[in-house]
Amino acid sequence: MTSLGKAEFGVSTFFAASHPNDKCGANGLPLTPNSIKVMGRFQFLTTLHHPHLCRYLDIAKSKHERMLVVSEYYKSTLLHHLQSGKYSSESKMVSLAFQIVDALSFLHSRGITHRSLSVDNILLQTENSVKLAEYGMYYMTDWGADVSFPIGSVRYMAPEVLCSGPAEVDEDTETCVQPVTGPKADSWSLGIVLLQLFLTLSKDMLDLLRLCLTVAPSRRPSAEELKKHPIFREERQKSVPYVNGFTMCSTKLRCKDLELPSYDDEVYDPDHLSQRTMDEVYYLWRLAGGELEAVLKKAGMAKTRPPIHLLPCCGIPDGDVFGQERDQAELLDRTIIILPQDQLRNRLKDIPETAYYPLLEDETSVDTGQLPTSPSAGDLTQTASLPLIIRERDIEYQFHRIILYERLLKAYPYKRPHIWKEARVDIPPLVRAHVWAALLEVEGDIEGIYNDIDKETPIPTDRQIEVDIPRCHQYHELLSSPTAHTKFKRLLKAWVVSHPQYVYWQGLDSLCAPFLALSFNHEALAYSCLTRFIPKYLNKFFLKDNSPIIQEYLAVFAHLIAFHDPELSNHLDGIGFIPDLYAIPWFLTMYAHVFPMHKILHLWDTLLLGNSSFPLCIGVAILHQLRDRLLSFGFNECILLFSDMPEIDIERCVQDSIKIFCSTPKSATFRQHARSNRKIKTEDRPNLSYYSRDYNEQPQSELSMEPIAIEELKAEKCPRVSAEDLIELGELAGTAYSRSPTKKRQNSKPMILIVDVRRAAPIMIASLSVVRFRRGMVPGSINIPFMTAFSPEGDLSPCPAVTTLNSRRNQVIVVIGNRGRNASNFANELLRLNYSRVCVLHKGIDVLKSSGILTVAPADI
């Protein structure tokens with residue numbers, strides 16, 4: 001990525017053409033505003049990196065279709081140097097000419113015609129290094145179709161440009177049709193520039209100018225052909241291939257073109273901020289209070305129009321109406337306003353030099369997952385405890401975070417565990433796209449894989465995709481642009497074509513939207529993230545017959561509601577408001593269909609850290625926020641409530657989801673259709689949380705969960721837990737039935753209560769009356785036989801065991817019985833009585849026989 005160096009940030013402005021208010025396209029929908037179309041096409045310009053091109057950084061939309069464009073800028077232009085007579089050396093002029101031709105050749109290879117080339121927008125980074133500016137105006141305005149003014153200076157226009165007339169727009173497709181200026185028009189403009197540049201012309205110079213100023217475009221050479229002219233022989237030999245920075249996922253060697261910088265005292269530059277990339281500096285500039293409109297207002301370029309209160313009364317007999325002259329603000333204003341960096345530099349002046357080069361190996365934070373506190377990174381613990389929205393606007397905090405992440409991402413995949421740990425704290429918006437890719441373990445030649453997929457051949461789902469895309473997050477300025485719609489279609493088709501075992505279901509477009517919004521200029525990265533996301537969280541959801549998968553998911557979700565909030569579960573079940581009526585869009589799109597984009601990004605920052613059961617916890621957290629209203633509503637009111645998703649505090653939702661996730665036994669969310677990859681060993685991911693892996697990815701044994709028929713799963717109201725979960729919870733609490741009695745306990749507080757519901761019928765053995773419960777019992781469990789547990793009124797019959805149960809209601813209650821239905825029925829009755837955290841041991845008491853946990857105790861005589 002290009003560093004800031006001595007560059008400034010320049011902002012220019014223009015007005016996009018307006019559509020009539022009542023005009024619609026061929027599909028019956030209102031025409032897309034030209035400003036939105038410009039924003040969509042502009043994004044490609046931000047991907048262009050060349051040593052002789054000014055970087056485009058940002059675009060914003062203001063009132064009255066005004067567009068604000070931010071780009072790299074230098075105050076010195078070629079025009080200034082021509083007027084000062086500095087270029088008297090022919091070798092210098094040839095070098096500058098070659099740089100211009102090289103930049104134009106690069107643009108043409110990317111399908112971009114400059115069209116506006118002149119001595120005014122050829123900027124000088126140094127006296128011997130040029131930077132072309134304003135090269136994106138023709139492209140971003142759809143070849144001039146989206147503005148009401150001509151693009152380019154008449155003095156430098158090629159003959160075919162002057163003869164072509166204004167651009168035309170196809171109203172059905174909302175795209176520009178002929179005439180469109182070809183790239184050879186830039187060769188003519190270059191010839192006019194060179195004519196001004198070369199005062200003393202040699203034979204080779206005259207020949208070069210003659211080629212550039214050839215009237216017929218068919219015989220005029222392209223920029224690439226001009227590079228081969230004999231006059232540029234020495235420049236071609238000196239030129240070095242340009243390396244476009246760092247690529248996270250690629251098969252190319254990153255160290256191939258690595259050059260270590262020299263730090264001689266004579267060339268030492270104390271301005272460390274200038275060594276950061278332009279994207280980083282501009283991001284920090286905005287956090288430091290930089291506002292584009294405020295800069296324009298200060299420069300007197302954003303004048304407020306007074307409102308119209310009265311219409312003129314025209315009494316002219318022939319009916320002619322004379323209005324005001326055309327507003328000059330609607331024409332192209334080539335004024336560049338430099339964005340001041342003083343405020344940014346003042347905010348960062350107290351940051352030590354070491355903060356620009358943070359240490360990655362901080363042993364104090366490796367195991368804790370906390371922010372590093374090394375001198376190079378600063379102590380950010382206090383700021384990290386603030387709400388996320390404050391952290392994302394704190395310039396000092398974001399400064400440390402983006403520099404740390406930049407170093408970690410350059411070391412990906414080696415530093416994946418560290419990226420995962422830092423993501424547990426937060427993810428800066430600037431690096432979110434690549435951090436998500438790291439969390440999803442995207443690797444390899446993603447560009448090659450994506451380019452090899454046929455995205456052009458028509459397929460049966462094309463029609464449905466075209467219908468869905470215009471309805472997907474169209475409030476989002478970027479995703480509503482025609483450019484985004486084209487990218488949407490390519491991404492969705494690529495996924496459908498490359499996954500023939502699946503079909504396109506409505507909702508796939510919503511899943512794609514966050515990845516496209518983040519990686520708008522890197523389709524391959526968006527596609528790779530989508531292909532990694534779906535198997536992890538939506539395994540088999542896109543099968544042609546996905547009913548068993550969804551029904552299992554909803555049943556587990558209902559169990560989770562009952563586990564954490566029995567009162568709400570009983571109420572919703574009583575009015576018939578089952579998850580099938582509201583939760584399918586939640587899970588099929590991972591909430592991307594029901595939340596706006598900014599909330600989805602914050603939600604998925606945490607979602608990607610959990611396993612496939614975490615979305616279920618998010619659903620419970622959402623119901624928890626709406627609990628009071630839901631408890632007071634009937635069926636119809638609940639339907640209306642979820643027909644338009646009410647406002648949700650997303651940060652509170654995330655925190656509640658984490659608490660629910662961590663307090664739920666792993667096996668309680670077991671699904672047989674979740675992704676199963678038992679080849680992954682724990683030692684292969686030593687630094688990742690145990691909860692970040694799916695239960696199906698854990699080594700399995702006879703104590704593990706097994707698939708449960710969907711009919712049986714839906715008939716039960718409380719979740720099942722595995723024997724290994726029961727043992728693990730006992731180990732965490734240091735109970736007597738731990739399999740590691742010599743293991744040091746960090747927490748001796750009981751975490752679970754085991755309720756044995758087997759019948760206590762007396763059996764005579766060796767003259768002792770021994771009950772069945774005591775012949776094989778879990779130490780610390782209590783016995784409440786199901787057959788005698790409840791009174792005729794439905795309440796628990798008083799007894800010492802019930803007293804113990806009531807005193808420990810805040811713990812996980814595991815109901816144990818034989819393989820019959822008694823344990824499940826007993827758990828359902830506890831749920832009816834609003835006991836929380838109730839679950840049933842999977843496969844009953846028999847599963848514990850081989851564990852060595854069961855004990856035999858004599859009965860009271």
Side-chain angles (χ1 to χ4, degrees), residues 10 12-17 34 37-38 40-42 44-46 48 50 52-56 59 67 69 71-72 77-79 97 99-123 130-169 175-196 212-218 220-226 331-336 483:
S12 59
T13 178
F14 65 91
F15 285 86
N34 284 324
K37 294 169 61 179
V38 170
R41 292 177 65 84
F42 174 85
F44 174 66
L45 298 175
T46 63
L48 301 179
H50 190 273
H52 302 304
L53 291 178
C54 287
R55 283 281 319 281
Y56 279 101
I59 190 170
M67 309 304 299
V69 179
S71 62
E72 178 184 358
T77 68
L78 184 57
L79 177 62
Q99 294 174 34
I100 297 172
V101 172
D102 190 29
L104 290 176
S105 176
F106 175 82
L107 290 175
H108 297 165
S109 68
R110 268 56 175 185
I112 294 178
T113 301
H114 193 305
R115 176 68 180 263
S116 300
L117 186 65
S118 68
V119 291
D120 303 271
N121 52 39
I122 299 176
L123 310 183
V130 302
K131 289 267 190 176
L132 301 191
E134 300 181 34
Y135 56 86
M137 176 65 74
Y138 191 54
Y139 175 83
M140 78 173 79
T141 58
D142 197 10
W143 320 120
D146 296 338
V147 291
S148 55
F149 51 80
I151 294 177
S153 176
V154 176
R155 181 184 301 176
Y156 297 88
M157 285 184 179
E160 66 271 19
V161 176
L162 296 172
C163 297
S164 63
E168 301 175 1
V169 181
T175 57
C176 179
V177 295
Q178 293 296 333
V180 174
T181 302
K184 290 187 178 181
D186 289 341
S187 297
W188 178 279
S189 300
L190 174 62
I192 301 297
V193 170
L194 295 179
L195 190 60
Q196 292 181 259
C212 292
L213 300 180
T214 302
V215 175
S218 59
R220 190 184 310 148
S222 64
E224 185 63 27
E225 292 170 336
L226 289 176
L331 301 179
L332 177 62
D333 189 342
R334 300 184 66 180
T335 303
I336 303 295
T483 304

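Please read these numbers as outputs of a predicted model, since none were measured by experiment.
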Under the rule for salt bridge (Lys or Arg N to Asp or Glu O under 4.0 Å), what residues qualify as partners of R110, not counting sequence neighbours?
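Testing R110 for salt bridge (Lys or Arg N to Asp or Glu O under 4.0 Å), a comparison that skips the adjacent residues, returns none.
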Applying salt bridge (Lys or Arg N to Asp or Glu O under 4.0 Å), name anything that partners R115, two or more places apart in sequence or on another chain.
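Partners of R115 by the salt bridge (Lys or Arg N to Asp or Glu O under 4.0 Å) criterion come out as none, since no residue qualifies.
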Mind checking whether [X] and [Y] have side chains closer than 4.5 Å, heavy atoms only?
{"X": "D333", "Y": "F15", "value": "no"}
{"X": "I112", "Y": "L45", "value": "yes"}
{"X": "H50", "Y": "L107", "value": "no"}
{"X": "V119", "Y": "L78", "value": "yes"}
{"X": "L48", "Y": "Y56", "value": "no"}
{"X": "L132", "Y": "I122", "value": "yes"}

Rounded at 0.5 Å granularity, tell me how far CG in L53 sits from OH in Y135.
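Reported to 0.5 Å precision, the distance equals 5.0 Å.
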Of the non-hydrogen atoms in R334 and S153, which two are nearest, and what is the gap between them?
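Taking R334 first and S153 second, the nearest heavy atoms are NH1-CB, 4.3 Å.
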By the definition side-chain hydrogen bond (donor to acceptor under 3.5 Å, both in side chains), identify the one residue from H108, H114, R220 that meets it with D186.
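For D186, the side-chain hydrogen bond (donor to acceptor under 3.5 Å, both in side chains) test succeeds with only one of H108, H114, R220, which is H108.
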I'd like to check the side chain to side chain donor-acceptor pair (under 3.5 Å) partners of [X]; sequence neighbours left out, ordered by chain and number.
{"X": "S12", "result": "none"}
{"X": "T483", "result": "none"}
{"X": "T214", "result": "none"}

Keeping the roles fixed (side chain from [X], backbone from [Y]), state whether a donor-acceptor pair exists under 3.5 Å.
{"X": "T181", "Y": "V161", "value": "no"}
{"X": "H52", "Y": "I100", "value": "no"}
{"X": "E72", "Y": "C54", "value": "no"}

Run through V38, D146, I151 and flag the one making a side chain to side chain contact (heavy atoms under 4.5 Å, CB included) with F14.
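It is V38; the other options fail the test.
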Would you please name every residue forming a side-chain contact (heavy atoms from CB on, under 4.5 Å) with T13, sequence neighbours left out?
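Partners of T13 under the side-chain contact (heavy atoms from CB on, under 4.5 Å) test: R66, L68, L296, M301.
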